[in-house]
Trainee: 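One structure, as structure tokens, below. Some questions next.
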Amino acid sequence: MSLTDILSAEAIENAVKDCQAPDSFSYKKFFQLCGLTQKTPQEVKDVFGILDEDNSGFIEESELKFFLQRFVPGARTLTEKETKSFISAADDDSDGRIGVEGNSSFIYLTESF
């Protein structure tokens, strides 16, 4: 399964283009632009599974840095500030990683606005 099986290629491209400049990434805006906020919890879990490169059940900081590249190869990496901000929004136990479910999780982030 690929991200374009769940999200439109055009929406993904627009979302990545919107945050090309360093320190311009906003997960809320990105999720809205790529259409993730309109997806079912199962579709969000499927996207999470694609982003979880090591299949650990979590997206770690090292994976999150390359978040945009998982959507569009060749996209920029997230800055340290963007990565830390993204993690802190969903890391309620301060373990440096984002799970798929729970009060502060990937699914929560897609539904929290």
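Here the structure is a predicted model, which is why all the values come from computation and not from measurement. FYI, side chains are in, hydrogens and waters are out, and symmetry mates aren't considered; it's all heavy atoms of this structure.
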Trainee: If the condition is side chain to side chain contact (heavy atoms under 4.5 Å, CB included), which residues does Glu61 pass it with, not counting sequence neighbours?
Mentor: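 Residues passing side chain to side chain contact (heavy atoms under 4.5 Å, CB included) with Glu61: Thr83, Lys84, Ile87.
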
Trainee: To the nearest 0.5 Å, what is the distance between CE (Met1) and CD1 (Ile50)?
Mentor: 6.0 Å

Trainee: Using ring pair (Phe, Tyr, Trp, His ring centres under 6.0 Å) as the criterion, list what pairs up with Phe67, not counting sequence neighbours.
Mentor: Phe25, Phe30, Phe71, Phe86

Trainee: Answer yes if Leu51 and Tyr27 sit in the same cluster of Ile, Leu, Val, Met, Phe, Trp and Tyr residues linked by side chain heavy atoms under 4.5 Å apart, and no otherwise.
Mentor: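 Yes, Leu51 and Tyr27 fall within the same hydrophobic cluster.
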
Trainee: Run the salt bridge (charged side-chain N to carboxylate O under 4.0 Å, His left out) test against Asp95 and tell me which residues pass, sequence neighbours left out.
Mentor: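 Asp95: salt bridge (charged side-chain N to carboxylate O under 4.0 Å, His left out) contacts with Arg97.
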
Trainee: Kindly indicate, with the supporting measurements, whether the criterion side-chain contact (heavy atoms from CB on, under 4.5 Å) is fulfilled by Ser24 and Arg76.
Mentor: CA-CA 11 Å; Ser24 66; Arg76 72 176 181 87; 3.9 Å; yes

Trainee: For Ser56, what residues pass the side chain to side chain contact (heavy atoms under 4.5 Å, CB included) criterion, not counting sequence neighbours?
Mentor: Asp52, Asp54, Phe58, Glu60

Trainee: Please report the interatomic distance OG1(Thr4) to CD(Glu10), rounded to the nearest 0.5 Å.
Mentor: 13.0 Å

Trainee: Taking all non-hydrogen atoms of both residues into account, name the closest pair between Thr77 and Glu82 and its distance.
Mentor: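 Closest approach of Thr77 to Glu82, heavy atoms only: O-OE1, 4.5 Å.
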
Trainee: Rounded to the nearest 0.5 Å, what separation is found between the OG1 atom of Thr37 and the NZ atom of Lys28?
Mentor: 12.0 Å

Trainee: Any idea which heavy atoms bring Thr79 and Pro22 closest together, and the distance?
Mentor: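 Closest heavy-atom pair between Thr79 and Pro22: CG2-CB, 4.0 Å.
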
Trainee: Rounded to the nearest 0.5 Å, what's the gap from CG on Leu78 to SG on Cys19? Could you check?
Mentor: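 The SG atom of Cys19 is 7.5 Å from CG of Leu78, to the nearest 0.5 Å.
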
Trainee: Just checking, any donor-acceptor pair under 3.5 angstrom between side chains of Glu43 and Thr40?
Mentor: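 Short answer, yes.
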
Trainee: Please answer: with hydrophobic residues joined when any side-chain heavy atoms are less than 4.5 Å apart, are Phe66 and Leu3 in the same cluster?
Mentor: no

Trainee: Say you draw a straight line from CG of Asp46 to CD1 of Ile6; how long is it, rounded to the nearest 0.5 Å?
Mentor: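 Here the rounded value is 4.5 Å.
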
Trainee: Is the CD atom of Gln38 crowded by more than 12 outside heavy atoms at less than 6.0 Å?
Mentor: no

Trainee: Which residue pairs pass the side-chain hydrogen bond (donor to acceptor under 3.5 Å, both in side chains) test when at least one of the two sits in residues 63-74, sequence neighbours left out?
Mentor: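 For residues 63-74: none.
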
Trainee: Can you list every pair that meets side-chain hydrogen bond (donor to acceptor under 3.5 Å, both in side chains) and has a residue in residues 11-22, with sequence neighbours left out?
Mentor: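 Counting only pairs at least two positions apart or across chains, the side-chain hydrogen bond (donor to acceptor under 3.5 Å, both in side chains) contacts touching residues 11-22 are Glu13-Lys17, Asp18-Lys29.
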
Trainee: How long is the straight-line distance from CD1 of Ile12 back to SG of Cys34, given to the nearest 0.5 Å?
Mentor: 6.5 Å

Trainee: Could you state whether Val47 and Leu33 fall into the same hydrophobic cluster, counting links through intermediate Ile, Leu, Val, Met, Phe, Trp or Tyr residues with side-chain heavy atoms under 4.5 angstrom apart?
Mentor: no

